[in-house]
Amino acid sequence: VAVVIASMAGGDDDETAASISVETDDESSVSTVEPEPTAGDDSRDVPTADVPAATPAPAAFTDCDAFVSIDAAPDGDGSFERPFVDFDDGVDVLEPGKMLCVLPGRYIDPFVITDAGTEEKPITIRGFNGTSVLSIKILARDVVVEDFEVTGLTRKEGPGILLAGERITVRNNLVHEMAGVGIACQRALAGKSPRCVDSEISGNRIWDIDGYGIFVWGDGNRVHDNQIWKIYAGIHEDADAIRFFGSNHDFRYNYIHDIFEDDATPGRTPKSDCFQTYDTEGKHPPLENIVIAQNVCSTDRHGVILNRLHGAPAQNIVIENNVFHSDGVAAVLLFGDETGPEVQYRGLQIGNNLFTGDVAFDGIQASFGTDVDIVNNLFMGQFDQFTVEAAADVAESNNLIVTEDDFVDVTNPDFRERYRLAPGSVAIDAAADEFAPAVDLMDVARPVDGSGDGNAVADVGPYEYVPASP
């Protein structure tokens, strides 16, 4: 049985399931409580059966095959009128292709899912505005969890949402105000569950986390379109938006912002990075075939850090079409360790990114690596474009220094919008096409004839300029 868990996150709602009011598409309010008969109402004279007819569920619930409510009676049968009070009972009655709806309320007991599903027919579990949980643990295959509010965990209670299995999808959740890890894709702490493989973390909003926003350890996972902010080190030693290990991961379309080292508890010295991986003792799995693309990262620390990689070299890593705003440190740090092997990473392509910041910084700093191509990048601010240190074999070409005049609106508070190219920018039609990605940060197809000379050539940096129609 594949499991899909869903709920629309929102504020607490203490109404019982039998009396919940639901906003429908036509903005009318539908109540599930039968009204009392009024004077002149002929219904009080109509004989009733021993078992009254079921009250039809509102339109918002028509896809649901069973219901769970924190306020339900203990003898519920899973219907809309008599939902299960226990989450496990709701999951147990579902068959492939069916849906369980979790109704509003604050669920303190962790949701734990151990039933494996099938790839073809997942079971859906959906909730609605006001469904809030302490944590969700998925120890199975083929599970989808979506639209929960997850909040309130302490460090010792584990991740807010744990993916430990194959083909798990966690999407559209609000994860906030907790310690440890917001969403973790890894083997369960006891070590008896499968690794996190071929899974997806997408569309989540993660903020106010003491520790890490997302943690990934496994193979073939996708981390797409998440917004992460206010990650800090309080009781936790470090603070990263996304920390990852393993192979064949794809990190794309994530918006990471407002992560500051100064938010840490006094005495803590975290590296508040957007993306970080490391191997200090050769204990982590090989790091290879990683894509970090079409992300926007604003932090006062590193955008991407590959730190002290011992054991097998990290290899085949693509960093392209990103915006990195860093202050005072290298936006991309390929950092080796002199006690490790001479080559600690190889086969990296760093292309069509924008590196910018308000304080002096290195755009890219590299050491102890080989076969590193740095192509079609834009650099703006007070910095050195590259710092190449011990035993680093780096080839760079077609990188440009730009100013604020090359962009439409560098004051836009949304970092995703502020660095679109302005007409006449030196970056337009200036890329080395053989290295340019097929699309830009916003999925605009490359190349476009931005200069109007009849030749379509890709632009340098993460955005492709598209002229206004005449």
Colleague: Test your reading of the model: is there a side-chain donor-acceptor pair from Tyr107 to the backbone of Ile70, 3.5 Å cut-off?
Modeller: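 Judged by distance alone, yes, a pair lies under 3.5 Å.
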Colleague: Any side-chain to backbone donor/acceptor pair from Thr277 onto Phe244? Under 3.5 Å, distance only.
Modeller: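 Answer holds: yes.
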Colleague: Examine distances only and state if a side-chain atom of Asn398 and a backbone atom of Asn376 form a donor-acceptor pair shorter than 3.5 Å.
Modeller: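 A pair under 3.5 Å: no.
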Colleague: Run the side-chain contact (heavy atoms from CB on, under 4.5 Å) test against Glu417 and tell me which residues pass, sequence neighbours left out.
Modeller: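 In terms of side-chain contact (heavy atoms from CB on, under 4.5 Å), with neighbours along the sequence ignored, Glu417 is linked to Asn412, Asp414, Arg420, Met442.
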Colleague: Does Asp429 reach the main-chain N or O of Gly450 with its side chain, forming a donor-acceptor pair under 3.5 Å?
Modeller: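 Such a contact is found between Asp429 side chain and Gly450 backbone.
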Colleague: Check whether any side-chain heavy atom of Val304 sits under 4.5 Å from a side-chain heavy atom of Phe324, and report yes or no.
Modeller: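 Sidechains of Phe324 and Val304: in contact.
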Colleague: Begin with the C-alpha distance, continue with both residues' side-chain angles, and end with the deciding distance and a verdict on side chain to side chain contact (heavy atoms under 4.5 Å, CB included) for Ile138 and Val170.
Modeller: CA-CA 10 Å; Ile138 310 152; Val170 170; 4.0 Å; yes
Colleague: Any heavy-atom pair between the side chains of Arg106 and Leu134 that's under 4.5 Å?
Modeller: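 Yes, side chains in contact.
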Colleague: Does a side-chain heavy-atom distance below 4.5 Å link Val332 with Ile319?
Modeller: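 They are in side-chain contact.
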Colleague: Quick one: which of Val291, Val223, Ile290 gives a side chain to side chain contact (heavy atoms under 4.5 Å, CB included) with His249?
Modeller: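 When side chain to side chain contact (heavy atoms under 4.5 Å, CB included) is applied between His249 and each of Val291, Val223, Ile290, only Ile290 qualifies.
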Colleague: Is there side-chain contact between Val444 and Val439, with heavy atoms separated by less than 4.5 Å?
Modeller: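 Answer no - side chains too far apart.
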Colleague: Is the shortest side-chain heavy-atom distance between Phe275 and Ile256 below 4.5 Å?
Modeller: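 Yes, their side chains come closer than 4.5 Å.
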Colleague: Quick check: does any side chain N or O of Asp273 sit under 3.5 Å from a backbone N or O of Gln276, one acting as donor and the other as acceptor?
Modeller: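 Not at all, since once roles are kept as given, no pair shorter than 3.5 Å links the two residues.
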Colleague: Are Tyr463 and Tyr419 near enough that their ring centres are under 6.0 Å apart?
Modeller: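 For Tyr463 and Tyr419, the ring centres are not under 6.0 Å apart.
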Colleague: State, with a plain yes or no, whether a side-chain heavy atom of Phe355 is found less than 4.5 Å away from one of Ile364.
Modeller: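 Side chain of Phe355 against side chain of Ile364, heavy atoms only: contact under 4.5 Å found.
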Colleague: Would you please test Phe245 and Tyr278 for ring-ring contact (aromatic ring centres under 6.0 Å, His included) and show each step?
Modeller: CA-CA 8 Å; Phe245 306 92; Tyr278 63 89; 5.2 Å; yes
Colleague: Tell me whether Asn352 contacts the main-chain N or O of Asp459 through its side chain, where contact means a donor paired with an acceptor under 3.5 Å.
Modeller: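 A pair under 3.5 Å: yes.
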Colleague: Looking at Ser326, is its backbone amide N or carbonyl O close enough to the side chain of Thr299 to form a donor-acceptor pair, meaning the two atoms are under 3.5 Å apart?
Modeller: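 Not at all, since once roles are kept as given, no pair shorter than 3.5 Å links the two residues.
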Colleague: Is any NZ, NE, NH1 or NH2 atom of the basic residue among Asp142 and Arg167 found under 4.0 Å from an Asp or Glu carboxylate oxygen of the other?
Modeller: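 Yes, charged N to carboxylate O under 4.0 Å.
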Colleague: May I ask you to check whether Asn254 and His224 show a side-chain donor-acceptor distance below 3.5 Å?
Modeller: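 Looking only at side-chain atoms, His224 and Asn254 do not form any donor-acceptor pair under 3.5 Å.
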Colleague: Within a strict 4.5 Å, meaning less than it, do heavy atoms of the Trp217 and Arg187 side chains meet?
Modeller: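 Sidechains of Arg187 and Trp217: no contact.
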Colleague: Any side-chain heavy atom of Ile214 sitting closer than 4.5 Å to one from Asp240?
Modeller: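 They are not in contact (no side-chain heavy atoms under 4.5 Å apart), so the answer is no.
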Colleague: Please round to the nearest 0.5 Å and tell me the distance separating atom CZ of Arg171 and atom CD of Glu200.
Modeller: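 The CZ atom of Arg171 sits 7.5 Å away from the CD atom of Glu200.
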Colleague: I would like to know whether Phe128 and Val102 meet side chain to side chain contact (heavy atoms under 4.5 Å, CB included); could you show each step before the answer?
Modeller: CA-CA 7 Å; Phe128 297 87; Val102 182; over 6 Å; no
Colleague: For His257, does its backbone N or O pair with a side-chain atom of Ser298 as donor and acceptor, under 3.5 Å?
Modeller: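 Between the backbone of His257 and the side chain of Ser298 there is no qualifying donor-acceptor contact (under 3.5 Å).
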Colleague: Can any side-chain N or O of Asp449 pair as donor or acceptor with the backbone N or O of Gly452 at less than 3.5 Å?
Modeller: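 Yes: the side chain of Asp449 pairs with the backbone of Gly452.
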Colleague: Could you grab the distance from atom CG of Asn173 to atom OG1 of Thr131, nearest 0.5 Å is fine?
Modeller: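 Answer for the CG-OG1 pair, Asn173 versus Thr131, is 11.5 Å.
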Colleague: Counting only N and O atoms by type, is there a donor-acceptor contact under 3.5 Å from the side chain of Ser199 to the main-chain atoms of Val197?
Modeller: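 Side chain of Ser199 to backbone of Val197: a pair is present.
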Colleague: Mind jotting down which residue pairs meet the side-chain hydrogen bond (donor to acceptor under 3.5 Å, both in side chains) criterion with at least one end in residues 311-323? Sequence neighbours excluded, please.
Modeller: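 Every pair satisfying side-chain hydrogen bond (donor to acceptor under 3.5 Å, both in side chains) with a residue in residues 311-323: Glu288-Gln315, Asn289-Asn316, Asn295-Asn322, Asn321-Arg446, Asn322-Asn353.
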